[in-house]
Structure formats: C-alpha cells, structure tokens
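Since the structure comes first, as structure tokens, the remarks are kept for the end.
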Amino acid sequence: MSKIVYPYIANSVPEIKERLLKKIGIESSEDIFKEIPEHLRFKGKMNIPGPYLSEYELKRHVEGLLSKNKSCSDYLNFLGGGTWQHYIPAVVDTIAGRDEFLTAYVGDSFADHGKFQALFETASMIGELVDMDVVNTPTYDWANAIAISCRMAARINGRRKVLLVGTISPGRLAVVDNYCKPDLTVELLKYDSETGLVDLNDLKNKVSEDVSAVYFENPSYLGFVEIQGELISKIVHDIGAEVIVGVDPTSLGVLTPPAQYGADIVCGELQPLGIHMQWGGGLSGFIATRDEKKYVAEYPSLMFGITTTIQEGEYGFGEVYYERTSYASRENGKDFIGTTTALYGIAAGVYMALMGPQGMRDLGIGIMQRSQYAMEILSEIKGVKVPLIKSPCFKEFIVNFDDAGKTVTEINRDLLAQNIFGGKDISCEFPVYGNSSLFCITEIHTKDDIKRLAVALDKVINN
Amino acid sequence: MKKTLGLIVNPVAGMGGRVGLKGSDGVEILERARELGAKPESPLRTTETLKVLTGLRNEVEIVTYPGEMGENEAREAGFEPQVIGTIEEGKTTSLDTIHAAREMADLKVELLLFAGGDGTARNIYDAIGGELPTLGIPAGVKIHSAVYATNPHNAGELVKLVLQGNRIDVHEAEVMDIDEDGFREGRVTAKLYGYLQVPYDKRYVQSLKSGRGVGEEVALSGIAEHIIEAMEEHVDYLYIIGPGTTTRTILEKLGVQNTLLGVDVLCNKQVVANDVTETQLLNLLENKKAKIVITVIGGQGYIFGRGNQQISPRVIKKIGVDNIMIIATKNKVISLKGNPFLVDTGDSETNKKLSGYVRVTTGYHEQMIYRVDS
Amino acid sequence: MVAKVRKNFQQAHWDEPIIYEMSIPGSRGILVPDPGKEIKERIKNPLNVLPTVMQRKDLPRLPELSQKHVLAHYLHLSQETLGSNITNDISEGTCTMKYNPRVNEVLVADPRFSELHPGQDEDTVQGILEIYYKFEQIIKEVSGMDKVTFQPGGGNHAVYTAASLVRAYWAERGKLEERNEVITTIFSHPCDAAAPSTAGFKVITLYPDEQGLPDIEALKKAVSHHTAAIFMTNPEDIGLYNPQVDQFVKLVHDVGGLCFYDQANANAFLGVTRARETGFDMCHFNVHKTFGAPHGSSGPANGAFCCTENLAKYLPSPSVEYDGKKYFLNFDHPDSIGKVREFMGTAGVILRAYAWTIMMGAEGLRETADISVINNNYLMKQLEGTPGLNYCFPDNGLRRQEQVRYTWEQLKEDTGVGTDDVNRRIADYGIEHYWTSHHPWVIPEPMTLEPCETYSVDDIDEYAAVVKQISKEAYETPELVKEAPHKSASHRRNDEAALDDPDKWALTWRAYEKKIKHLK
C-alpha cells in the first residue's frame, strides 16, 4: 500500500483506504481488477518523471522549462496568420479563470444556468458583429468551422463540391481537406496575384450545378480585404449555391458584415477576442447563419436558445431543435461533435461586452491606422517592397524582400537577434509573392514599436 | 377550457388469460371463462391508470360509456365523467366498443384511452383508424399489438404528459390480432390489421456530450435510403417487401404504390405486384433471384410469422436466408430490451436456419448485429 | 464527520438580466490604446482605402456597460454554474470529473507560455516543445504505443483522427472501396460510431450479450473482408471490463482489420492494463479527463491519439522530435493525413496535464487507478438497497470498475418519477446534474456515476445519502421531485416545444427581440 498521501487523492490516507475496502468486503483493489485477465495486465513499471509531490517543486520544475521560452511579452512580435496578439483585458482573465466556468462540463441549464446564459450572450454578440440571427456554440477552430460550414451547405443543397479561395492558409486548408473527405471535393479558386482578389473569371468557369458552396475570407489570410463580395455572391447565388465567408471578428467594427454582401453562412475565429495565443492553443471557431429552419437544421453543434421557465419573468435556456435532421443519405454527409472550446466562447463574450460598439470601432480604426502607418514607414527602407498587394489591408500585409539580398529566414534570424519576431515567412506557401513575409500589426503596437522594427529591418538589410 | 379524454374499458378483457383460454373474444368463450371463475382484469388496471391523473381533475374531462365500460372506473378514480351512449350491463360486445370509439371521435376528444387486448385494439381501429391519438392500457390476454403503454401506471404518466400539452409525438403502432381458434389449438396465425396513432414520450433529454439526436422520421428515411442504394437493378432480380411502416418508407421514397399490411414485389425499383399471396410469390420467383426486406412486426420482436405469413418457409427456402434484409429503427430494436428477434414460420427447419445472429439495418450505412431465436 | 445532506442548500439565483438589458448607451467597459498623435496625423482616415461598400455603416450593436458591471454580470453567471472544483461532481459519470489543481492555472497564465505565438522560431519555444515531447513519452508509457499526436481538440476529435488514419491506411492499399465497414459496440461512446461515419465508413454496431458485455458471437457475424477496423471502448460506459477484449482484437486482425481502443475511461487502468498488451493498433486518451486538466464548460480539451510504429507515418503533421540537443517540429510526413487542427492543438491542456502527471509520478498514477475503483465499489455498496434503484446487468457477478450505470426503472414503475426528475432534483442538494447516458437509452432510466480518485469518503457518503433522500421523496412526495429544481439558478422550462419551433426559438438576443419580445 502506498505510504504517500496525495493532495489530489482524498482517500489515499491508508486508514481510510482500509476502511473502504473493509466496507466493500474485499482485501485490495486486486479483487476488483480480477476482472482483467492476467495476460492483459501490465507487469512493468511506467517510466514517468517525478513525482514532484510538493507544489513548490512542481512549479519550480515547470517554470524552469517555461524559462527556456521567449514569448511575445519578452520580444516584439509581428507574427499573425491565424493566431494574433491582442490586448486581453484583466476582466476577461478573471472570468475565464473562475473555477465555476473552468471546471463545469455538461450539466443542464438549471444548475449550470450561468454557463448557458454566458454562451447565449456570446452568440448574441457575435450575431451583432456578423449581422446574423443564429450563432452556434464554439467549434474547435476557424478551420473546423469552415469544414462544418461546407458540410452544412452540402446537406442543404445536396451538392458535393466546394470552392475555396486560393489565398486560404495552408494550415487551415489541410484541416478542411481532411474533414471534407470523402463526401466533398475541395477545389481552390484562382486569384489575381496583383490584388489577391478572387479571379472572377475563374469563379464563373468553375461554378456549376454541382458546386455546393463557395468560401472566401475577410480579411484574407494574406491580410487584404476582399472587396468583391457582392459580385461573388451574385455569381454563386445564381447557380443556387451557398456563400460562406470567413471573418476575423476584430475587423467588424469597421468592415461591412458579410451578411450585407451576400453571405449565407459566416464563420471565423474567436481567438483575437480576448484569448491568449498559447502557442496556437487559443483557437475557437464559430458559425453564424440566418434564422431559417434549413440552416438551423444542419448545425451539428450544440445550440442554446432562450426560453421561459415556470417561474414568472425568469429566463431559461435549452437546446434548440434537438432532433435536428438529416443524416439520412450519403449526400448529406455526417458530422460528429464533442467537447470543443466553450470556455473560450465565454471569454470572447466578456471581451465583446467590455469593448462595446465604440470599442470595436476604435479597435478596427486603430489597427488600420497602425498597419497603414507601418506600411508607409517600412516602404521607406531600401530593399523592402510594401505594399505588395494592391488591395486595402486590415491588420496583416505582405512585405517583399526580393531586393533585400537576404532570404526571409535570414532576415527573421537577424531580427530575432534584436529580440523581434519578424513576419511569418510565406515564401514557400505562396511562391508567387517571392521572398516575402506576412507582418501583423494590432492595437498592441505603438509608434515606437513600429519604428523599432523599421530600424531593425534597415539594419538587417542595409548594413 | 378543459381537455377531453375519451375512455373505453372492455369490461371482459383479460378474462380468458388466467383460466387458460387464450383470449375472450366471443360470447361462448366468455361464458366458459366465467364458469371457470375468471375475473376481468381491465377495471382494476384502468383505475390504476386513472389514479395517476387524479391531480388533473379540474383540467381534464373524461368522456366515457356507462357503467362497466368506463364510468365506474372514472368515478372510482375521483372523476365526474361525462357519460354518453347506452349499454346492456354485463352483456357488452365488441359492437359497443366500436360505437363508443366512433362517438368519441365525433366529439373530438384529444386522446382516446382504452383498456383491453388485441381484440379491443382491433375494434378501435375498425371504428376510427388513425383519426386521433389513441393509447391502450394493457389488460387483455393477447398483447401482440404495439399500441399499449408498458403498464397501467406508465399509461397514466403518458396521458398526463399529453394532456398537459407537453412535448409529445405520435407514431404509428401496429394493431395485430391472432386467430383465436387457431391459437387455442396451438397454431399462431397473426394478422396485421392496421396502425393506430399512438403518443410516445420521446425522452426529451439533452445529451450535451453527444450533440443531438436523430428523429424517428430521419431514421426511417435513412434506412430506406440505405436499402434503395443497395438495390440491384436487373430484370431478373426481385425485391419482396414485407408489411409495415418501416418498409413502407422504401416504397414511398421510390414513389410507388405500397400495401401497408401486405407484401409487395419490386423489380428495377418498380412495382411488379402489390399485396401478393404466397402462391403469387412462388410464381413470381420462378427463375429469378430475389431479396426479402422485412421489419419487426408488433411489440414482441417477431420478424417472421406475424403479419407476413405470405413470405412462407417455401418462399424463404427459394430465396435463401442469406438474401434476407432486416430493417428496424434503433429505438425499435432497443425497445425489445435485449430480447432476441423471433421467428415462427411454422416450419422448424426454416426457423432454425433463420436463427443466430443477423445484421439489422438501423439507418443510412448503419447496421446492428442482433440475435434471432425461434 | 457524518456526511451532511445539504437540505438548506440554495444556489446563487441572481435573476440576472441578459447583458443587453443592462446596456446604458455611451458606457465603456474598456478603452482601446490610442495610436498616438503621429500615427493619427499621418493616417487621418484609415477607412478611406476601403470602397464604401466595405465600410461598416452602423456600429455593431454590442451592449454598453461600465467595467464593474461587466465584471459583476459575469461573476453572477459564474456563480450560477456548478463547476466540479466547487461541487461533489461524482455525478458526471464517464467524464472523470477530478480535481483540477490551481497551480496548473498559474502555470498556463505564465506569459512564457500564454504569450507564445505558434509561428515563433524553434529556438524560442524549446520549453513548450520539451513539454510536448516529454508528455508524449509519458503517454507512450501509459499506452505502450509507439507514437502520439496531441493535435486533436478532444476525445471525439481523437477518434475522428483514428478514423482518418484507417481511411489513409486502406486508401494506400487501394482497398478503401472494399474495406468500408467499421465495427463498434452499443455501449462504446457514440463517437466511436459517429466519427468513422463522418470519415465515410459504414458502421456496424454490436448489441451486448446477456452479461452486458460485447458479444463475441455477434462480432464473428460482423467481421469480413469489408471490415476496415473495430472501434471499441473498454471498459464500456457501463463500467464492465471486457475480459475477451484481446479475442476481439484477434478476430478483427484475422480478417486484416485495424483495431482502435477508445481509452476515454482509462482513469482506473493507469499502470494496470494498456492498449499495447491488449493488441490494439491505436488508442486515445481524453487528456482533460484522465490527466487532470479542466473541462472548461466543454472545452478547450485535448485528445491524445496514439498508434503503433507501422501507422505512425499517417499521423497529423507536424510531430515534435528531439535530436539529442534540440527539440524541433518535423513537417516531413508525406503520408500524413494532413491536419485535424491548426497549429499544435490545445497546448494549455498539455501543459496542465504534464504538470498533473509528473506531480503524481508512476506510483501516483497507479494509486489513482486503485482509489478510483475502490471509491466506485464503495459507492455501490452505499447505494445498495435504495428503493427504486438498481444497476444494469446486476446478476452477472462481475465487479464494476471505475463507474456504474444505475437504473431508476423500478422507481419510475413505482412512482412515475424517472431519471430526468431525479436528475433535476439532485441539484437542489448542491450537486451537479448527473450523466444519464447517451441516446438511445439501452438501459432504461439511466444514471451513470463515477466517483474518481478525487472524492473523499464523506463526498461519497453524502452523494449516497442524497440519492437515498430523493428516492424517499419520490415515494412519499413525487410531485416535489417532478417539479424540481427548486433551489437552482433557474427552474424548469415551461414550454419545451418552443425550443423546437422555428417561430419561437431564439438563438440570439436579436432573434429574441424580433420574434418573441414584442409578443409580451
């Protein structure tokens, strides 16, 4: 019997363990494990580090490992591309860290009323940002939300091909590709490399009666704004297909919500709304549609609706349209759903509530001011070409170093030496843009930060 | 406004059971039962059900027939029923049941509750068909139909849910009956008479971990889709489609005429013959390959020998047991509580061949492995 | 101490308005950092670069509150939620609601973790890479498998990853058309059917035998040259260990199929039995259950997916490797299924789980298993004789392992009070609603309890006493139970049908205002 009393195991006190065994009427746990045949038992000893039994030892050990990291708090960061550094209000951390939300799970809406209300409110606020009346509970991430949106579209119209914007991030595409197999065929649309915009001729050539949906993003992975939303939607709707638009919600204080230029399904990422980057572990997706039965019927996610209770004037919540259809045939392709990222959904709600309408507006304007300022400042550096794409950008933009005499890898290495994380290297992902990287500017960047980048880049390239 | 509940008690239902008479249909049998000291089961059972509803006295009005056909039980449970019709106490017959059901349907009661067995269910079906939601309190000797609650208490709970206007769905449940004379001689020839609209509690519970449920309608549609997708399209390939609502969905999906209570034959997704007999089947099968598509009939799990006797041992032998496709929704399978499917073709050799483990199609691209006993 | 039934419990009931109802126009919760004079003077109107059609016309209609009011609102909502660190959460069986240590929350909040960008140079993320690498070694020890990925965002997602691997395996052999069936059991988690189905497989479900165990005779009927794989849980969600599990594996291997072991219920088997010795090709763990990370109101979670060497080439990319000096990400996996999630998955869950596991050590994991099964059998003992309560397959003589599926069928027969009623009532005693079972209910009126190693003898005694108390109430005053909860943060919904009615449901406040509010 173990002599150690584990702080996380209440009944590891030897006397108590004995008492329980006696009450059950057995000698030891072996009388329970006897149901496992001898030849299936593990006889060895697991080689596992530890134990670090005192909290102090444990903390010291793990902090020792973490001290080997250099974070975006230590260094000046210009990486974006799917995970973005924004300011996270203290109130968001307080709420997301509450044990009630942190450690709840699948309890119903009576004892877990607050969880339901918080997620309902998050859905309500996203609904305002994207101008849609129906929003689901969070998905794993944006990529997962795109894949589910595509499958929903396919179930709605029974078609099996989806066209995705050619500038989608390769990481996101890999997820969508895998998730759409084998029911859907995924094809990429050409884009005009000068503007980054969807090649409308290619779109017209590719749309046909077997196309279920067309997906594009605003802002796109490469940072620019797709300004042809209305035109694209018209072409897509003319063949009876669904328009899916992916958004970074931090842009929606200034950019037109996709529903207003024809989107039928909107999806996107909640991470920039108050969730720490956590090495990419802070992602959480959402999906929104109009309030029509044909859409609501196809969500695989949990959907929380507001309702009344037996108590006059009290709000209650419950699962909407529980027996949503329609996995009845191959064309309809199935989905699974499980534990996703609800806590991040709650955090995003707190963030939006703090920001309010004016906050989201200020955020969008401030980001665009800084990014345009950064482009201007950087464009003054010899060997740096920016902007490369002739379309308006939101918080990310491509910087080209073809004339810099160094590869992006080399430039980033040299920036790192000056405690700067340079832009994301896209020279392999998008060879059409040559030796380029994707820089991300948000509200966390000051004028001095941007100038520091410019000075550092100039030094790296022109020294 | 008060909700109205129709109540019909077959006062003699269940009398044959305890004295070994296998049913109580017909005046003579009834007299023999009485001679043997039989007591009716239905009054007690009905009262048990109605007592669950006592709390709703002010919201629910019971409409019933006089005396032993419901009035007594309603009063016993504390109700002041509205009594309609006339009967001859102690000498009621199936005609009284039929009249009562018809009159209650005309009065537009919200739910018709009856106590009895398969004979009673048949009478109700003859009177009103699927006109209004109906629920049986199991009180008869023969309970092959699927229109009853699992016990009188649960019948009360279900009625309560319906009358309180909570989430309730109806489904079509089989009305079956067997030939009582044959039954008494040890032969079972069950017939599928039709379907009543029976409310059921679809267990509206949130399953937050697994997302969401699939409705019965979707399940049926998925099963049909599965079968249709796998259909061979060839002039020499027949599909023998057994009776029932589950199999009906296939024909509905194909847009062809179907016989709910009989056997239809398809070829190339078109009807070759509707409502065929065994002889017709054997003729059609001359030099043809075929598959049989059948479902579980009734509440006890029969797949052969109840309501589909046309698909006889000879037919099965000709087609081969490997060419039988069994379909049923998951809920239907689970309602058997682990009891195996049953076969009773009348031929022990065939029964034996059909026994063992079978694949049941329960949805689109979904099957279950389930046991069959004879 | 004698277990106390909290008869006077009252959950926080704030009658909290929807946040929109608290909005006061003009209020601000937080201000956004100003770009400063120089930037603003240089870029006067940044929106000018956008065509008018792309400029948002109206401000998004978010609520407007001062900071204190946002904080208070969400604190109220949190108090109207019963997290497992707060309550006696023996309730959520199959979910392994163990204690989630606070120190791990301190660690994930450390900016040297929380402020890491996934695109950072490898030299600057050696710490987190080391944690990933080391936790992979730990999971390899626990499972006996050769390679692990932490990309899946939860248990179901890991099962989906398994299905994706099975698909890749057969596709490479050109046999995907033929190998189109995945076998599972009815008491396995539904995702063992749903995930392969999403990946395009037909699903064959085995109904249990009379003992409640997966029926090996049924499996014999199911296996064929169409069998792509079997996906099975063990112990299944009813708490029985399947002693023939290796025979199942053998039967499937004999026809060439792959075997996936759903180890969502692994808590009681750490160091006791493993996927490797049982013969499986793949398995997964719910990191957020078994390894002490919180459930987060339903995520972020993590599913550790493990496989043998011969399947490793199909794993999602990238993998974390170590060359003796440096940890690095290896993207060179040409046969990979691609990705199931962006970047490296929910890193925070891995960090917490790593910390939990090394705190316990190998012996601590074994103690976890021991106490889990002892606690469970003790609870069963304490619940013995509760009127109306039984457990499934009571006569099979088999010891339950880490959890039990109980049934209130008798109570329902006797009193009309069913498991849903009991489940609402239990919250009146300060206990989270319990897990019934997945649908459809094979075991009628189910209740699935899992008193994992966290819970004390008093917790278990309290739980049993509450269950008995409710049983008593059901027999004496059934309406009290049926009308529950009485002391929760909210009451029974009075119109369930509205949630299914397109004219009445409202999934957002704006929909509510359009459709329902004006009717009042």
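Lettering follows sequence order; numbering is per chain, from 1.
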Among the listed options Gly155(C), Gly36(C), Pro111(C), the residue most often paired with chain A at heavy-atom distances under 4.5 Å: Pro111(C)
Worked verdict on His117(C) versus Gln85(A) for side-chain hydrogen bond (donor to acceptor under 3.5 Å, both in side chains): CA-CA 8 Å; His117(C) 188 281; Gln85(A) 190 178 7; over 6 Å; no
Partner chain C: residue of Ala104(A), Gly50(A), Ala10(A) with the largest heavy-atom pair count (under 4.5 Å): Ala104(A)
Contact class of Glu63(A) relative to chain C, heavy atoms under 4.5 angstrom: both
Main-chain N/O of Thr103(A) paired with Asn85(C) side-chain donor or acceptor, under 3.5 Å: no
Arg28(C)/Asp362(A) salt bridge by N-O under 4.0 Å criterion: yes
From CA spacing to verdict: side-chain hydrogen bond (donor to acceptor under 3.5 Å, both in side chains), Arg112(C), Ser73(A): CA-CA 8 Å; Arg112(C) 290 169 296 183; Ser73(A) 300; over 6 Å; no
Ser297(C) (side chain) donor-acceptor with Lys115(A) (main chain) under 3.5 angstrom: no
Which atoms of Ile371(C) approach chain A - backbone, side chain, both or neither, heavy atom under 4.5 Å: side chain
Nearest atoms (heavy-atom pairs only) where Ala111(A) meets Gln11(C): O-NE2, 2.8 Å
Segment of Phe110(A) engaging chain C (4.5 angstrom heavy-atom cut-off): both
Side chain / backbone / both / neither for Asn377(C) at chain A, heavy atoms under 4.5 Å: both
Lys70(A) with Asp121(C): basic N within carboxylate O range, under 4.0 Å: no
Region of Asp99(A) that comes under 4.5 Å of a non-hydrogen atom in chain C: both
Segment of Tyr99(C) engaging chain A (4.5 angstrom heavy-atom cut-off): side chain
Mutual orientation of the aromatic rings belonging to Tyr315(A) and Trp509(C) [parallel < 30°, tilted 30-60°, perpendicular > 60°]: perpendicular
With sequence neighbours excluded, residues passing side-chain hydrogen bond (donor to acceptor under 3.5 Å, both in side chains) with Tyr373(A): Glu38(C)
side-chain hydrogen bond (donor to acceptor under 3.5 Å, both in side chains) evaluation trace for Thr81(C) with Asp112(A): CA-CA 4 Å; Thr81(C) 305; Asp112(A) 280 1; 5.2 Å; no
Contact origin within Met355(A) toward chain C - heavy atom pairs under 4.5 Å: both
Region of Tyr179(A) in contact with chain C, defined by heavy-atom distances below 4.5 Å: both
Mutual orientation of the aromatic rings belonging to Tyr321(A) and Trp505(C) [parallel < 30°, tilted 30-60°, perpendicular > 60°]: tilted
Side-chain H-bond candidate by donor/acceptor type, Thr198(C) with Asp335(A), under 3.5 Å: no
Residues Lys514(C) and Asp133(A) bridged, charged N to O under 4.0 Å: yes
Residues Asn178(A), Ser164(C); criterion side-chain hydrogen bond (donor to acceptor under 3.5 Å, both in side chains); working and verdict: CA-CA 8 Å; Asn178(A) 186 55; Ser164(C) 300; 3.3 Å; yes
Heavy-atom proximity to chain C below 4.5 Å, by part of Asn412(A): neither
Top contributor to chain C interface from Asp93(A), Leu79(A), Val225(A), Val135(A) [non-hydrogen pairs under 4.5 Å]: Leu79(A)
Heavy-atom proximity to chain C below 4.5 Å, by part of Leu416(A): side chain
Glu342(C) (side chain) donor-acceptor with Gly171(A) (main chain) under 3.5 angstrom: no
Any donor-acceptor N or O pair under 3.5 Å, side chains Asp370(C), Ser29(A): yes
Chain C contacts, top residue of Lys424(A), Arg413(A), Gln358(A), Lys34(A) (heavy-atom pairs, under 4.5 Å): Gln358(A)
Interface moiety of Ser67(A) toward chain C, non-hydrogen atoms closer than 4.5 Å: both
Part of Leu53(A) within contact of chain C (heavy atom distance under 4.5 Å): both
Chain C contact via Leu129(A) - side chain, backbone, both or neither, heavy atoms under 4.5 Å: both
Check ion pair Arg41(A)-Glu277(C) (N to O, under 4.0 angstrom): no
For the student: nearest non-hydrogen atoms of Glu141(C) and Asn47(A), plus distance: OE1-N, 2.7 Å
Under 4.5 Å from a heavy atom of chain C, the part of Val350(A) involved: both
Under 3.5 Å donor-acceptor, Thr256(A) side chain and Met54(C) backbone: yes
Selection from Lys59(A), Gln372(A), Lys68(A), Met368(A) maximising heavy-atom pairs under 4.5 Å formed with chain C: Gln372(A)
Residue Ile227(A) versus chain C: region with a heavy atom under 4.5 Å: both
Most chain A-contacting option - heavy-atom pairs closer than 4.5 Å, from Asp15(C), Leu75(C), Leu65(C), Thr278(C): Leu75(C)
Winner by heavy-atom pair count (cut-off under 4.5 Å) against chain A, out of Glu64(C), Arg42(C), Lys40(C): Arg42(C)
No-hydrogen, no-angle side-chain donor-acceptor test under 3.5 Å, His157(C) and Asn144(A): no
Shortest non-hydrogen contact between Thr339(A) and Gly299(C), atoms and distance: CG2-N, 3.3 Å
Full working for side-chain contact (heavy atoms from CB on, under 4.5 Å) between Glu100(A) and Ile86(C): CA-CA 7 Å; Glu100(A) 294 92 335; Ile86(C) 290 139; 3.2 Å; yes
Portion of Ala109(C) that has a non-hydrogen atom of chain A nearer than 4.5 angstrom: neither
Proximity breakdown for Tyr8(A) and chain C, heavy-atom pairs closer than 4.5 Å: both
Heavy-atom pair count under 4.5 Å with chain C, highest-scoring of Tyr261(A), Phe421(A), Tyr87(A), Tyr75(A): Phe421(A)
Segment of Val142(C) engaging chain A (4.5 angstrom heavy-atom cut-off): both
Side chain, backbone, both or neither of Ile444(A) within contact of chain C (heavy atoms, under 4.5 Å): neither
Side-chain H-bond candidate by donor/acceptor type, Glu121(A) with His73(C), under 3.5 Å: yes
Chain A contact via Glu453(C) - side chain, backbone, both or neither, heavy atoms under 4.5 Å: both
Those residues that, when tested against Tyr344(A), pass side-chain hydrogen bond (donor to acceptor under 3.5 Å, both in side chains) (two or more places apart): Gln278(A)
Pairs of heavy atoms under 4.5 Å with chain C: top-ranked of Thr307(A), Leu363(A), Leu283(A), Val62(A): Leu283(A)
Segment of Thr368(C) engaging chain A (4.5 angstrom heavy-atom cut-off): both
